[in-house]
Chemist: 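Mind looking over this structure? Questions follow.
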Amino acid sequence: MNPPTILIVDDEPANLTVLHQLLMPNFRVLASKTGKQALQNAMKIPPPDLILLDVMMPEMNGYAVLAELQANEKTRDIPVVFVTTLDGAGDEERGLELGAVDYITKPIKPAIVKARVKAHLEIKFARDRLKSQNIWLEEEVARRMKENLLIQDIVLCALAELAETRDSDTGNHILRTQAYVEALARKLQSHPNFAQELDELNLTRIVKVAPLHDIGKVGIPDHILMKPGKLTAEEWEIMKSHCRIGGDAICHAIERAKGANIGWTPLNKPEALAVLDVAQSIAVSHHEKWDGTGYPDGLAGDAIPLPARLMALADVFDALTTPRVYKKPWTTQDATQLILSEKGKHFDPDIVDAFESILEDFEKIRKSLADPK
């Protein structure tokens with residue numbers, strides 16, 4: 001292990017010699033006769049572990065050198081001990097106020113210099129170890145958070161894919177609707193009515209769980225879900241229940257997590273639960289309509305959660321523009337006309353305006369994620 005490095009700075013060669021001979025047996029010593037040389041030596045790699053700095057020097061005094069050291073990110077953490085003939089209480093106070101860690105007066109006493117150097121090196125190395133440990137902990141927390149988010153994403157995707165396997169007509173439906181939702185949300189980020197609700201964190205949550213909007217279809221009987229023809233009134237009521245089934249399933253997952261007693265509060269909610277809250281709102285309410293004629297709760301206007309309002313438009317556009325066993329795909333133009341005609345009825349007017357302004361983006365998504373023929 002290399003010995004600690006100490007930089008001594010003094011314009012008097014005799015003083016440099018004394019300090020050099022005193023410290024050489026135990027330390028690697030660098031010497032500078034001017035403030036400018038001291039700053040150059042302080043930038044060496046590795047940097048000095050401690051600087052013994054004279055105050056009274058020509059051209060650039062010790063106070064100016066210390067100011068330069070602290071202004072530089074690479075040198076500001078090097079502890080500096082002033083070594084000077086100035087022995088007034090005011091001089092010492094000034095040096096400490098400017099950021100020096102200690103103040104030694106000349107003529108120096110070897111025992112005092114050695115003791116002060118040892119003490120400040122121990123403090124410096126302890127601080128370095130603590131900083132290193134903190135960096136390691138931060139990196140470890142970040143790594144584990146990344147792993148947890150990856151696992152979360154994989155589970156969400158698996159659940160969404162499971163729901164889609166029950167409906168052979170939907171193809172890349174979950175990918176397209178997810179992309180449509182993100183396009184709408186990003187367009188609305190700058191809208192004053194949505195800026196807070198669509199900050200980057202919330203937007204990411206919405207996009208992440210958008211594929212779970214039809215998770216409740218796993219509870220719909222096959223003879224209804226996969227029926228090629230028109231559903232009867234009774235069958236339609238059962239089909240509509242997928243919203244409640246999906247929402248209840250996610251609600252149960254949330255309640256189970258709460259029961260795990262993991263020490264969270266509404267103001268300090270784990271990210272996983274915040275994501276599930278959004279997922280539940282989409283699963284339950286993505287078939288609600290702006291005018292209150294939707295299902296399952298007949299919500300209207302802003303009472304419908306924003307994530308669900310975004311999904312409502314994305315879901316309808318995709319259903320219209322893709323083939324089903326019971327219909328041919330509509331053209332983008334025809335689907336757009338229907339959505340525009342439903343502004344303020346089925347859909348949030350502001351979301352329809354956003355949709356109209358990014359039609360080209362929707363068309364690109366539709367083509368790039370088209371189902372294989």
Chemist: If hydrophobic clusters are built by linking Ile, Leu, Val, Met, Phe, Trp and Tyr wherever their side-chain heavy atoms come under 4.5 Å apart, do Ile358 and Leu306 end up in the same one?
Modeler: yes
Chemist: What distance do Asn15 atom CG and Leu52 atom CG have between them, rounded to the nearest 0.5 Å?
Modeler: 11.5 Å
Chemist: For Leu369 and Ala179, work out which heavy atoms get closest and say how close.
Modeler: CD1-CB, 4.3 Å
Chemist: Decide yes or no on salt bridge (charged side-chain N to carboxylate O under 4.0 Å, His left out) for Asp277 and Arg205, but give the supporting numbers first.
Modeler: CA-CA 9 Å; Asp277 281 343; Arg205 290 168 178 164; over 6 Å; no
Chemist: With a 4.5 Å heavy-atom cut-off, do Thr232 and Lys227 have their side chains touching?
Modeler: yes
Chemist: Distance alone, cut at 3.5 Å: any donor-acceptor contact between the side chains of His173 and Asp315?
Modeler: yes
Chemist: Please give me the minimum heavy-atom distance between Thr321 and Thr331, naming the atom from each residue.
Modeler: CG2-O, 4.3 Å
Chemist: Show your working on side-chain contact (heavy atoms from CB on, under 4.5 Å) between Asp334 and Leu320 and close with a plain yes or no.
Modeler: CA-CA 9 Å; Asp334 289 342; Leu320 293 174; over 6 Å; no
Chemist: Do His20 and Leu16 have side-chain heavy atoms sitting under 4.5 Å apart?
Modeler: no
Chemist: Do Phe362 and Arg366 have side chains that get closer than 4.5 Å, going by heavy atoms?
Modeler: no
Chemist: For the residue pair Leu66 and Gln70, establish whether any side-chain heavy-atom pair is separated by less than 4.5 Å.
Modeler: yes
Chemist: Which heavy atom in Asn172 sits nearest to a heavy atom in Asp371, and how many Å separate them?
Modeler: N-OD1, 2.6 Å
Chemist: Going only through I, L, V, M, F, W and Y residues with side-chain contacts under 4.5 Å, is there a path from Leu30 to Val83?
Modeler: no
Chemist: Consider side-chain contact (heavy atoms from CB on, under 4.5 Å). Of Ile224, Ile238, Leu225, which one does Leu231 pass it with?
Modeler: Ile224
Chemist: Does Asp291 form a side-chain contact (heavy atoms from CB on, under 4.5 Å) with His346? I'd like the steps, not just the answer.
Modeler: CA-CA 6 Å; Asp291 62 6; His346 190 153; over 6 Å; no
Chemist: Could you walk me through whether Met60 and Leu39 satisfy the side-chain contact (heavy atoms from CB on, under 4.5 Å) test, starting with their C-alpha distance in whole Å, then the side-chain angles of each, then the deciding distance to 0.1 Å, before giving a yes or no?
Modeler: CA-CA 11 Å; Met60 190 177 196; Leu39 293 174; 3.5 Å; yes
Chemist: Compare every heavy atom of Ile365 with every heavy atom of Arg176, then report the nearest pair and how far apart it is.
Modeler: O-CG2, 4.1 Å
Chemist: Which value, rounded to the nearest 0.5 Å, describes the distance between Ile282 atom CD1 and Asp214 atom CG?
Modeler: 11.0 Å
Chemist: Salt bridge (charged side-chain N to carboxylate O under 4.0 Å, His left out) with Asp49: which of Arg28, Lys118, Lys124?
Modeler: Lys124
Chemist: Do Ile108 and Val9 share a hydrophobic cluster (ILVMFWY, side-chain heavy atoms under 4.5 Å, transitive)?
Modeler: no
Chemist: Within a strict 4.5 Å, meaning less than it, do heavy atoms of the Leu50 and Pro4 side chains meet?
Modeler: no
Chemist: Looking only at non-hydrogen atoms, find the nearest pair between Gly216 and Ile245 and report the distance.
Modeler: O-CG2, 3.6 Å
Chemist: Tell me if a side-chain donor or acceptor on His213 pairs with a main-chain N or O of Ala210 at a distance below 3.5 Å.
Modeler: yes
Chemist: Would you indicate whether the side-chain heavy atoms of Arg76 and Leu69 approach each other to under 4.5 Å?
Modeler: no
Chemist: Verify, without hydrogens or angle tests, whether Ser132 (side chain) and Arg129 (backbone) share a donor-acceptor contact under 3.5 angstrom.
Modeler: no
Chemist: Using the six-membered ring wherever Trp is involved, compare the ring planes of Phe317 and Tyr180 and label them parallel, tilted or perpendicular (cut-offs 30° and 60°).
Modeler: perpendicular
Chemist: Rounded to the nearest 0.5 Å, what's the gap from CD1 on Ile123 to CZ on Arg127? Could you check?
Modeler: 9.0 Å
Chemist: Compare every heavy atom of Leu7 with every heavy atom of Ala38, then report the nearest pair and how far apart it is.
Modeler: O-CD2, 3.6 Å
Chemist: Donor-acceptor pair, Glu288 side chain versus Ile304 backbone, under 3.5 Å?
Modeler: no
Chemist: Would you check if Ser241 and Ile220 make a side-chain contact, meaning some heavy-atom pair closer than 4.5 Å?
Modeler: yes
Chemist: Quick one: do Lys44 and Asn41 satisfy side chain to side chain donor-acceptor pair (under 3.5 Å)? Show the steps, please.
Modeler: CA-CA 5 Å; Lys44 288 187 175 181; Asn41 274 323; 3.1 Å; yes
Chemist: Would you say Trp290 and Phe194 are hydrophobically clustered, going by side-chain heavy atoms of ILVMFWY under 4.5 Å?
Modeler: no
Chemist: Assess the residue pair Arg186 and Glu200 against the criterion (salt bridge (charged side-chain N to carboxylate O under 4.0 Å, His left out)); give the C-alpha distance rounded to whole Å, side-chain angles, the decisive distance to 0.1 Å, and a yes or no.
Modeler: CA-CA 9 Å; Arg186 293 212 172 277; Glu200 197 60 31; 2.8 Å; yes
Chemist: Checking the side chain of Asp199 only, and the main-chain atoms of Leu201 only, is there a donor and an acceptor separated by less than 3.5 Å?
Modeler: yes
Chemist: As an exercise, state the distance from CG of Asp10 to OG of Ser32, rounded to the nearest 0.5 Å.
Modeler: 10.5 Å
Chemist: Please lay out, stage by stage, how His287 and Lys240 fare under the test side-chain contact (heavy atoms from CB on, under 4.5 Å).
Modeler: CA-CA 9 Å; His287 284 297; Lys240 290 195 297 183; over 6 Å; no
Chemist: If you measure from CD1 on Ile104 to CG on Asp54, what distance do you get to the nearest 0.5 Å?
Modeler: 12.0 Å
Chemist: Do Val81 and His120 come within less than 4.5 Å of each other through their side chains, counting heavy atoms only?
Modeler: yes
Chemist: Determine whether the aromatic ring centres of residues His286 and His242 are separated by less than 6.0 angstrom.
Modeler: yes
Chemist: If the test is side-chain contact (heavy atoms from CB on, under 4.5 Å), which one of Met57, Arg94, Met56 qualifies with Tyr63?
Modeler: Arg94
Chemist: Around atom NZ of Lys33, are there more than 12 heavy atoms from other residues, nucleotides or ligands closer than 6.0 Å?
Modeler: no
Chemist: Can Asp350 and Arg309 be said to form a salt bridge (charged side-chain N to carboxylate O under 4.0 Å, His left out), step by step?
Modeler: CA-CA 10 Å; Asp350 289 325; Arg309 299 192 327 253; over 6 Å; no
Chemist: Within this structure, what is the CD1-CD1 distance for the pair Ile351 and Ile339, rounded to the nearest 0.5 Å?
Modeler: 11.5 Å
Chemist: For the pair Lys343 and Asp353, evaluate salt bridge (charged side-chain N to carboxylate O under 4.0 Å, His left out) and give the outcome as yes or no after the intermediate values.
Modeler: CA-CA 9 Å; Lys343 177 178 178 179; Asp353 289 342; 2.7 Å; yes
Chemist: Taking a hydrophobic cluster as the set of Ile, Leu, Val, Met, Phe, Trp and Tyr residues connected by side-chain heavy atoms closer than 4.5 Å, whether directly or through intermediates, do Leu23 and Ile78 fall within one such cluster?
Modeler: no
Chemist: State yes or no: are the ring centers of Phe355 and Phe347 separated by less than 6.0 Å?
Modeler: no
Chemist: Within the supplied structure, the quantity of interest is the number of heavy atoms (other residues, nucleotides, ligands) at a distance under 6.0 Å from Glu234 CD; does it exceed 12?
Modeler: no
